[in-house]
Amino acid sequence: MSAGTNLVVPVVLWGKHPPTHCISCIFLSADQRTLVSGCYDGQICIWHVDPSTFKMIPRCLMVGHTAPILCLANGSIVMKNNYIVSSSENGEMCLWDLVDGKCREVVKLPYVHTNVQSYKMKSSEDVKLFCNGYYAEIFVMDPFSLEIIFSLSSREKSDWISALYVLQPAKREEDVVLGLTVQGTVKVWTIEASNDHISENEPIFENESKIIRCLNAISLICCSQYQRTVLIVCSKYWQIYDAGDFSLLCSVAPPFRERWFGGEFLSVDRVLVWTDEGKGYLYFLPANCIPDNKEFHKKSNKDDAPFLYCTLSDAQIEKQPLACPPAMRYYHSTALGKILLRGDSEGAVKAWIVPEFPIEEIVSMKSRKDFKPERIQPFISTSVSKTWKAISPPPVGILDQLDVNDQPSIKLTASIYLPQQSRLVVGREDGSIIIIPATQTVMLQLLHGSHQQYEDWPPHQVLLGHVGRVNCLLYPNHTHSRYDKIHLLSGGVDFAVCLWDLYAGSLLHRFCVHAGEITQLLVPPNNTSARVQRCICSVASDHSVTLVSLTERKCVVLASRHLFPVVTIKWRPLDDFMIVGCSDGTVYVWQMETGHLDRVLHGIAAEEVLYACDENANNSSSGESGLANPAVHFFRGLRHRNINAIRHATQRGIHQLQQLHHSKNQDESEHQRTRAFPLMIQGLRTNPKDPESHILCFDIEALIVQLLSEEYSAMSPGTLEAHGLINSTEYEKVAALTKSASPDAHKKIAEFFGRVKDKAGDMERILKEKDKHGIISKVKEGAENVQTKIQAKAESIGIKPMFADKKGKYNI
């Protein structure tokens, strides 16, 4: 992992509780060694699979999507390059490398895909992605750049495509795409080799279309052997059609209280279909559905209907209802044969081996009147929670030292890291807030040594003031220096926002303004009015937003007329506006000084206002002026009798240049404040009901700089020359320059070296205060021991290694 040009090494402290993984789609790689499962929370889990036994172990959790993942598809035909493409509910598409779990490419499209199929076209050596979803076209995309190459459109009866299938006819050179619309219109597109250069602006139209009685189809599959029969699966029935004229051959309804969810051809005369309850059903097709039979395409016989001869189910499925339909997929394994995979809402993955019954045995089954289909159980079943319990010792958490053996651990619900104080603030489910030294806590969890035998180490501080879960934490000084360094804020499920003294550990004030649990705490921008700059914005589950003043200790603005939950907050500080966006798309514009509701916007107007806020923020950050028209602001102030707004508008012409210069200075100061820290701790929660895990990000470059600074501070004057790190002739050159220079230059050089000396002294004092527990000395001692062992080993085999002696000279 890299942030900019710096190398950052992440380490995750998961804790004892496994993350929730509600599976929405599932995929098996081409080499059948990697299983990928996407979940409704937006995460992707990579499972290592043993091809011979199909034993699965979760290996990596990839976090990048912000919405439920709808489909996974293969991104490469080369087995060594295991790339996979994922698509989410909000239009996000990512290309993942399954070897190291990195995201190689990401785009966000205005189209939501419900199905993505990988296909190697005859005119190209690489695979292409055929996508359909909540739009009227079929998009053909490049899996590596995630760009739309061309599209397949409709001349007549344009509608959303609910299912598609791409095939290569045996006696034709072009590729054929079958698509089925939501209203039941079958469309056929032909992609010739000469059409491969067509751009996105030049769509390919269908060659033919036909209306059939098939609404809201889930999948469309052609038989791979003959390509003459087509399986279409809908929720209320699955049907077999003749691919020549799309005439209906047979139809089967689902079992009681179940709905069909997908299907696949096992052979010319057999199909496998599954339901939303996670069960698979094996059917033997009648004679009129088998292309090489004499009765093919004739009128169906009531006595010769699709015959159910086997079911794939699990006894636990019937006992434990699922929260959402499971994700199921059919594959052909080289070692185990035909396999049906299933991933459910509990994070469990099950696999069935599809049995191969001879035709003679199926015929004998049909002749029996009391025949009941054979039920087959999964041959393997695993889950994230099972794997978590099998880990010994269990994964560590950031506050495991506070757990009592006889009592269950208290879940961590919120956390914030203060890098300047090197302290971590953690909120818990019981309402308590724990403040711990971050470096000592990381040592306790990751390093083995005598420090683990200390009682009550590292020392911690407990803040008690909430009744119930702590939802969010905020340290305002970390965002801007205008806030007091001692102020820490927390929001809880008890409808309260608490203001704490970080160093004394005391409760300064308790804001009880909302009528719902606090969900978010925000800091207003820098260029607001002086009163708002001393406030904090809080959002609650009762759809209200407030501005509470930390100096006046009261609520300044209460915005509580929102009908739907608040999802976003934007700012127009120079217009004195706070923009509140709700989940239904409505936007409310509030005045911060007076608390008046300026207007309520819907539809396109609401989207334009939110976009204008983002554009204004970008212009302000780039140094451009994002000010509104002073006349418009003046009349708004008159309408609402806002004296501050009127005064602000009359002085806008002069104040504009001052604001621009002030913003540049602030940007420079903020850039200096946001320097790299050797350690950063970020909270991670895959599901709202899960306890919070923590990611430790070690910045290697910043860590090396700090170690070298501490090493330099420990040296006495002249040590660098003694070690040969600085040549004494350099000082002679500087001295010669100072002698030949003018008195003013000599004075400037002396002042410069004086500042360097003072800076080195301050750095030495600060670093010595930080290293209270002798961490650096322990690291140096360990490094010297390793160097001694390497040197002894080298001399024993007759090699004289290269090491620097105490005088800084190297022995070769």
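Bear in mind the structure is a predicted one, so any value in this text is a computation, not a measurement. We number each residue from 1, following the sequence as shown.
Contact annotation: the side chain of V354 approaches that of L272 to within less than 4.5 Å [non-hydrogen atoms, C-beta and beyond]. Counting heavy atoms from C-beta on, the side chains of T686 and Q43 come closer than 4.5 Å. The shortest side-chain heavy-atom distance between T229 and Y241 does not fall under the 4.5 Å cut-off. Within the 4.5 Å cutoff, the side chain of P68 has no heavy atoms near those of the S24 side chain. W388 places none of its side-chain heavy atoms less than 4.5 Å from the side chain of K386. V230 places none of its side-chain heavy atoms less than 4.5 Å from the side chain of I240. At a threshold of 4.5 Å between non-hydrogen side-chain atoms, the residues D242 and F296 count as touching. In this structure the side chain of L152 never reaches within 4.5 angstrom of the side chain of E206, judged on heavy atoms.
Residues Y111 and Y134 place their aromatic rings such that the two centres sit no closer than 6.0 Å. Under the 6.0 Å cut-off for aromatic ring centres, W238 and Y283 qualify, their centroids lying closer than that. Between F307 and F371, the distance separating the two ring centers is shorter than 6.0 angstrom. For Y281 and W260, the gap between ring centers is short of 6.0 Å. The distance between the ring centers of F130 and Y165 does not fall below 6.0 angstrom.
I26 contributes atom CD1, which lies 9.0 Å from atom CZ of R329 (distance to the nearest 0.5 angstrom). Going from atom NZ of K338 over to atom CG of L266 covers 5.0 Å, rounded to the nearest 0.5 Å. The line from CG of L164 to OG of S162 is 9.0 Å long, rounded to the nearest 0.5 Å. Of the inter-residue distances, the one linking K298 atom NZ with N288 atom CG reads 10.5 Å to the nearest 0.5 angstrom. Distance OG/S29 to CG/N82: 5.0 Å, rounded to 0.5 Å. Atom CG of D159 is separated from atom OG of S154 by 8.5 Å, given to the nearest 0.5 angstrom.
Classification of the Y135-H113 ring pair by plane angle, with boundaries at 30° and 60°, yields perpendicular. The aromatic rings of H21 and W47 are tilted relative to each other, their planes meeting at an angle between 30° and 60°.
Note on E208 versus K187: no salt bridge recorded, every NZ/NE/NH1/NH2 to OD/OE distance being 4.0 Å or above. Under 4.0 Å is where a charged nitrogen must lie from a carboxylate oxygen, and between E258 and K279 at least one such pair does. Salt bridge present: R104 and D97 bring a charged side-chain N and a carboxylate O closer than 4.0 Å. One finds no salt bridge joining D370 and K372 here, because no Lys/Arg side-chain nitrogen approaches an Asp/Glu carboxylate oxygen to under 4.0 Å. Note on R259 versus D276: salt bridge recorded, some NZ/NE/NH1/NH2 to OD/OE distance being below 4.0 Å. A salt bridge does not link K128 with D175: every distance from a Lys NZ or Arg NE/NH1/NH2 to an Asp or Glu carboxylate oxygen is 4.0 Å or more.
A distance-only check finds no donor-acceptor pair linking the side chain of E92 to the backbone of S87 [under 3.5 Å]. Side-chain atoms of D304 come within 3.5 Å of backbone atoms of A287 as a donor-acceptor pair (strictly under, hydrogens ignored). Listed for the Q227 side chain is a donor-acceptor partner under 3.5 Å among the backbone atoms of Q168. Remark: side-chain polar atoms of N74 are not paired, donor with acceptor, to backbone N or O of S118 under 3.5 angstrom. Between the side chain of K350 and the backbone N or O of I380, no donor-acceptor pair lies under 3.5 Å. Of the possible polar contacts, none joining the R342 side chain to the M328 backbone as a donor-acceptor pair under 3.5 Å is found. In this structure, S153 contributes its side chain and F205 its backbone to no donor-acceptor pair below 3.5 Å. In terms of modelled atom types and a separation under 3.5 Å, the side chain of D584 and the main chain of T586 share a donor-acceptor contact.
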Subject >> Criterion side-chain hydrogen bond (donor to acceptor under 3.5 Å, both in side chains) on D690 and T20, from CA distance to verdict >> reply: CA-CA 7 Å; D690 288 345; T20 300; 2.5 Å; yes
Subject >> Trace of the side-chain contact (heavy atoms from CB on, under 4.5 Å) decision for D269 with I359 >> reply: CA-CA 10 Å; D269 55 356; I359 297 180; 4.0 Å; yes
**OP:** Show the numbers, then the answer: is there a side-chain contact (heavy atoms from CB on, under 4.5 Å) between L95 and V106?
**Re:** CA-CA 6 Å; L95 176 67; V106 57; over 6 Å; no
**OP:** With side-chain hydrogen bond (donor to acceptor under 3.5 Å, both in side chains) as the test, would you mind laying out the steps for S145 and E105 before giving the verdict?
**Re:** CA-CA 7 Å; S145 63; E105 191 69 35; over 6 Å; no
**OP:** Take L35 and L341 through the test side-chain contact (heavy atoms from CB on, under 4.5 Å) and record every step on the way to the result.
**Re:** CA-CA 10 Å; L35 180 73; L341 294 177; 3.8 Å; yes
**OP:** For the pair S313 and T311, evaluate side-chain hydrogen bond (donor to acceptor under 3.5 Å, both in side chains) and give the outcome as yes or no after the intermediate values.
**Re:** CA-CA 6 Å; S313 62; T311 60; 4.6 Å; no
**OP:** Go through the steps for I376 and C310 under the test side-chain contact (heavy atoms from CB on, under 4.5 Å), then give the verdict.
**Re:** CA-CA 8 Å; I376 297 179; C310 184; 3.5 Å; yes
Original post:
Step by step, would you call H65 with S86 a side-chain hydrogen bond (donor to acceptor under 3.5 Å, both in side chains)?
Top reply: CA-CA 9 Å; H65 286 282; S86 60; 2.7 Å; yes
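Between T34 and H48, the side chains place no donor N or O within less than 3.5 Å of an acceptor N or O (distance only, hydrogens not considered). When only modelled atom types and interatomic distance are considered, N207 and T190 share a side-chain donor-acceptor pair under 3.5 Å. S333 and Q32 share a donor-acceptor pair across their side chains, judged by distance under 3.5 Å alone.
Here the closest heavy-atom approach between residue Y237 and residue C214 is recorded as OH-CA, 3.7 Å. The minimum heavy-atom distance between G280 and L340, with the atom names listed, is CA-CD2, 4.3 Å. Here the shortest heavy-atom pairing between L146 and M93 reads CD1-O, 3.5 Å. Closest heavy-atom contact between I148 and F139: CG2-CD2, 3.7 Å. Pairing each heavy atom of C222 with each of L178, the nearest pair is SG-CD1, 3.5 Å. The nearest pair of heavy atoms linking A136 to I161 is O-CG1, 4.1 Å.
Heavy atoms from other residues, nucleotides or ligands lying under 6.0 Å from CZ of R33 number 12 at most. Within a 6.0 Å radius of NZ in K236, other residues, nucleotides and ligands contribute 12 heavy atoms or fewer. More than 12 non-hydrogen atoms from other residues, nucleotides or ligands lie less than 6.0 angstrom from NZ of K210. Around atom CZ of R213, no more than 12 heavy atoms belonging to other residues, nucleotides or ligands sit under 6.0 Å away. Heavy-atom contacts from other residues, nucleotides or ligands closer than 6.0 Å to NZ of K120 number more than 12. Heavy-atom contacts from other residues, nucleotides or ligands closer than 6.0 Å to CD of E156 number 12 or fewer.
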